[in-house]
There are 2 protein chains.
Amino acid sequence: MTTVTIKDVAREAGVSVASVSRALNGTGGVTAETEKRIRDVATRLRYIPHGAARSLITRRTHTIGALLPDMYGEFFSELIRGIDLAARARGLHLLVSSAHDGVEDAAAALRTMRGRVDGMIILSPRADASFLHTNLPESLPTVLLNSPLRGPRYPVLNIDNHGGAYAMVRHLAVECGYRDIALVAGPHDNYDAQQREEGYRAAMAAFVPDAASRIVRGEFTEESGYRAGCEMMASGKLPRAVFAANDMMAIGCLLALREAGVRVPEEVAVTGFDDIPIARYVTPALTTVQVRIVDLGRSALERLAALLDAPDQATPPEADTLGCHVVVRDSCGARSPGKTSTKKAR
Amino acid sequence: MTTVTIKDVAREAGVSVASVSRALNGTGGVTAETEKRIRDVATRLRYIPHGAARSLITRRTHTIGALLPDMYGEFFSELIRGIDLAARARGLHLLVSSAHDGVEDAAAALRTMRGRVDGMIILSPRADASFLHTNLPESLPTVLLNSPLRGPRYPVLNIDNHGGAYAMVRHLAVECGYRDIALVAGPHDNYDAQQREEGYRAAMAAFVPDAASRIVRGEFTEESGYRAGCEMMASGKLPRAVFAANDMMAIGCLLALREAGVRVPEEVAVTGFDDIPIARYVTPALTTVQVRIVDLGRSALERLAALLDAPDQATPPEADTLGCHVVVRDSCGARSPGKTSTKKAR
DNA sequence: GGGTGGAACGTAAACGTTTTCATCGAAGCT
DNA sequence: AGCTTCGATGAAAACGTTTACGTTCCACCC
């Protein structure tokens with residue numbers, strides 16, 4: 001009696017449960033008169049349908065699951081935001097699970113999704129082919145984010161890490177005219193980091209073929225960026241430009257240089273990757289590669305929704321990549337440090 | 001055949017579904033031998049229990065729902081992060097719904113939670129008493145965040161807006177010695193904004209009783225902070241210190257002053273509220289009121305979990321408030337602009 | 001006026017689990 | 001040997017819905 005079910009409504013309204021279901025769902029088959037009566041009773045009793053029961057028979061949950069490695073930082077909040085935005089536009093709900101304590105954890109999280117979601121969006125370094133095979137219910141529509149996996153099994157959406165890094169190096173080399181461009185790379189085992197590094201190499205080979213490339217490794221943290229900056233200064237020979245594989249490292253590097261009295265961008269240019277919100281507020285404002293993470297989330301969900309609507313549509317086997325472009329601010333020296341334009345806060 | 005159910009496992013293993021359930025759940029009542037056989041079959045068939053079906057009978061979903069007004073900005077991502085952190089520590093999952101397109105929307109979101117969650121965390125300006133009464137299943141454990149609501153019905157967790165604002169003004173008045181302190185307030189209909197404003201007034205009355213208080217209204221956006229800065233300069237008489245009711249407005253104000261060539265903090269001190277990540281990276285680094293949003297989310301979930309474990313425990317009728325404290329950086333002029341300490345990126 | 005058709009409504013099966021209860025057999029005891 | 005006890009197992013109910021299928025009833029048509 002504590003919670004009111006469809007039976008209570010039926011009894012109170014003097015009809016069968018079937019009629020209540022029909023009336024409340026707007027399926028035909030009930031007089032306008034009885035429908036009204038049922039509706040009245042339902043609101044009076046404050047009846048709320050039981051989601052689990054409904055989706056058990058309907059085989060629809062109107063919920064999509066998101067498996068993410070971690071909730072941290074701008075990236076993931078932006079991503080979730082994008083997914084959620086698109087989801088609610090479609091009347092879908094979001095079951096998030098940030099499982100990052102290893103494969104066990106991720107597997108468990110994935111399994112509990114069974115029967116609670118209509119589809120999955122997965123962004124996880126651990127999600128290799130065999131992992132997915134054993135833990136993902138055979139027929140659950142899924143789209144992968146930022147995954148090295150290819151193939152017709154699941155659609156994949158990637159950030160154009162390679163292209164973004166390439167474009168940034170081109171900017172530094174061609175438009176700014178620098179030759180001695182160093183990379184503060186990300187961790188070796190990180191897929192994004194690998195691709196960005198490759199983009200750097202390719203662009204260096206293309207635009208300043210006779211200049212040596214110079215790479216110091218970081219870990220995508222501000223601290224590691226700071227250390228990288230110190231390291232380069234200690235080496236006695238500063239590069240003319242530093243391209244950090246993400247913004248946090250760029251900022252760390254910026255701080256290290258500032259502390260040492262090195263002027264940015266006059267002596268050394270510094271650029272990053274990601275365009276996190278902080279980027280435009282540091283001084284000098286950071287030139288970086290903008291990747292519209294919100295859009296990544298959004299298109300992931302759109303793609304998934306398409307899969308849900310047309311289950312056996314042949315999915316384009318090619319992986320989609322989300323373009324990104326460099327946004328020029330002050331830290332690269334390509335423009336005179338102008339006034340920071342005031343933008344409407346988002 | 002497309003999805004494998006418990007029946008398939010039972011048939012394949014030559015036992016009843018009951019035994020499969022017992023074996024897989026580790027309830028007693030099966031020989032070690034048959035348990036192993038069942039387990040083997042289950043993994044071979046890649047059986048994954050159906051969540052909805054299970055929770056239909058168990059009346060447990062191991063999921064908690066979060067109703068938030070919007071996913072935007074640092075605040076909400078931090079909040080979710082806090083909730084999620086505590087949730088996964090308890091083996092709970094998270095069903096988020098950011099419903100901000102009005103009451104209709106929020107109501108719909110809340111109703112679809114029925115049967116999918118064991119409890120709710122609600123942070124919504126729209127969630128007044130009657131709204132909750134009509135849309136919240138009678139017996140669903142719920143904790144409210146940052147709500148003006150009081151009473152024994154639901155536990156409430158609040159940020160100590162009043163105390164934080166009070167402390168900041170005290171800092172400006174007592175420790176920095178300023179008397180002419182202006183407030184850039186938040187929107188009138190915002191609960192946080194109201195409390196912060198009240199804290200400002202109270203502190204002004206307490207510490208600089210003979211100084212006039214000065215309030216210009218903003219909307220919690222960077223742009224409105226920028227405008228507030230311009231407005232104050234246009235008035236011809238700049239205050240000695242500006243306390244903005246949130247960081248984004250403080251930053252906007254900072255920019256306006258900087259553009260006009262006003263030196264911060266030498267001529268005008270500027271402080272904010274929230275301690276968003278950006279705050280420590282602007283120059284001068286922003287003195288602000290730190291509120292541990294992650295902790296807010298965490299304790300909300302802890303509280304909810306306690307409710308779940310002991311449903312009829314008398315909930316402390318007093319609303320809990322989460323303390324906050326001022327963190328002194330450069331923008332208030334209380335200390336000599338030091339080196340920005342490099343922190344480990346979170 | 002006796003069919004015919006269709007709309008309104010009820011009955012019951014189904015969804016995939018867990019759990020109570022009954023059954024069965026073996027082991028232990030006198 | 002006859003009884004009890006207990007552990008392993010299966011049968012079936014239950015959870016709260018939706019929906020296929022009947023049934024009833026009324027209007028309509030010849």
Side-chain angles (χ1 to χ4, degrees), chain A residues 1-38 41-42 45-62 111-118 137-140, chain B residues 1-38 41-42 45-62 111-118 137-140:
Chain A
M1 202 55 67
T2 171
T3 63
V4 29
T5 81
I6 197 174
K7 285 181 192 164
D8 300 319
V9 179
R11 179 166 10 88
E12 195 76 5
V15 296
S16 73
V17 293
S19 294
V20 177
S21 175
R22 282 188 278 253
L24 263 35
N25 289 332
T27 333
V30 279
T31 324
E33 174 189 25
T34 54
E35 172 164 342
K36 171 159 171 39
R37 177 159 42 101
I38 291 174
V41 173
L45 261 44
R46 304 216 315 262
Y47 165 67
I48 299 177
H50 193 283
R54 195 208 291 258
S55 57
L56 180 57
I57 182 76
T58 310
R59 308 177 98 48
R60 274 293 197 174
T61 64
H62 298 287
R111 305 177 107 252
T112 57
M113 294 280 185
R114 156 93 202 277
R116 324 185 88 108
V117 299
D118 295 337
E138 192 70 34
S139 57
L140 190 61
Chain B
M1 202 54 66
T2 169
T3 62
V4 27
T5 81
I6 197 174
K7 286 180 192 162
D8 300 320
V9 179
R11 179 167 9 90
E12 196 77 6
V15 296
S16 73
V17 291
S19 295
V20 177
S21 175
R22 282 189 277 256
L24 263 33
N25 289 332
T27 332
V30 279
T31 325
E33 173 188 25
T34 54
E35 170 163 343
K36 170 158 171 43
R37 178 159 41 100
I38 291 174
V41 174
L45 260 44
R46 304 219 313 267
Y47 165 67
I48 299 177
H50 192 282
R54 195 207 291 257
S55 56
L56 181 57
I57 182 77
T58 310
R59 306 176 103 44
R60 274 294 195 174
T61 64
H62 297 287
R111 306 177 107 252
T112 58
M113 295 281 185
R114 157 91 203 276
R116 325 186 88 106
V117 300
D118 294 339
E138 193 69 34
S139 57
L140 190 61

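Lettering follows sequence order; numbering is per chain, from 1.
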Output yes when a side-chain donor or acceptor of D8(B) lies under 3.5 Å from a complementary backbone atom of T5(B), and no otherwise.
yes

Tell me, do V15(B) and R37(B) make a side-chain contact under 4.5 Å, heavy atoms counted?
yes

Partners of H62(B) by side-chain contact (heavy atoms from CB on, under 4.5 Å), sequence neighbours excluded?
R60(B), L92(B)

Does a side-chain heavy-atom distance below 4.5 Å link V41(A) with Y47(A)?
no

side-chain hydrogen bond (donor to acceptor under 3.5 Å, both in side chains) with R59(A): which residues, sequence neighbours excluded?
none

Tell me, please, the opening and closing nucleotides of DNA chain C, 5' to 3', among those with an atom under 4.0 angstrom from a non-hydrogen atom of chain A.
dA8(C) to dT17(C)

So do R116(B) and R116(A) actually touch side chain to side chain, heavy atoms under 4.5 Å?
no

CG on L56(B) to OG1 on T61(B), rounded to 0.5 Å
12.0 Å

What residues, two or more places apart in sequence or in another chain, satisfy side-chain hydrogen bond (donor to acceptor under 3.5 Å, both in side chains) together with E35(A)?
R39(A)

Verdict with supporting geometry, H50(A) and I6(A), side-chain contact (heavy atoms from CB on, under 4.5 Å):
CA-CA 9 Å; H50(A) 193 283; I6(A) 197 174; over 6 Å; no

Any residue of residues 14-23 of chain B with a heavy atom less than 4.0 Å from an atom of DNA chain D
G14(B), V15(B), S16(B), A18(B), S19(B), R22(B)

If you measure from CD1 on I48(B) to CG on L140(A), what distance do you get to the nearest 0.5 Å?
9.0 Å

Would you please name every residue forming a salt bridge (charged side-chain N to carboxylate O under 4.0 Å, His left out) with K7(A), sequence neighbours left out?
none

Roughly how many Å is it from CZ in R116(B) to P in dT17(D), rounded to a whole number?
12 Å

Counting only non-hydrogen atoms, which of residues 45-58 of chain A are less than 4.0 Å from DNA chain C?
L56(A), I57(A)

Residues within residues 27-38 of chain A bordering DNA chain D, heavy-atom distance below 4.0 Å
none

Kindly list each side-chain donor-acceptor pair under 3.5 angstrom involving residues 27-34 of chain B, sequence neighbours excluded, with atom names and distances?
from, atom 1, to, atom 2, distance (Å)
T34(B), OG1, T31(B), N, 3.3
T34(B), OG1, T31(B), O, 3.0

L45(A) side chain reached by E12(A) side chain, heavy atoms, under 4.5 Å:
yes

Between the opening five pairs and the closing five pairs of the helix from dG1(C)-dC30(D) to dT30(C)-dA1(D), how far apart are the helix axes, to 10°?
50°

S55(A): partners by side-chain hydrogen bond (donor to acceptor under 3.5 Å, both in side chains), with sequence neighbours left out:
none

Residues two or more places apart in sequence or in another chain: which of them pass side-chain hydrogen bond (donor to acceptor under 3.5 Å, both in side chains) with T112(A)?
H93(B)

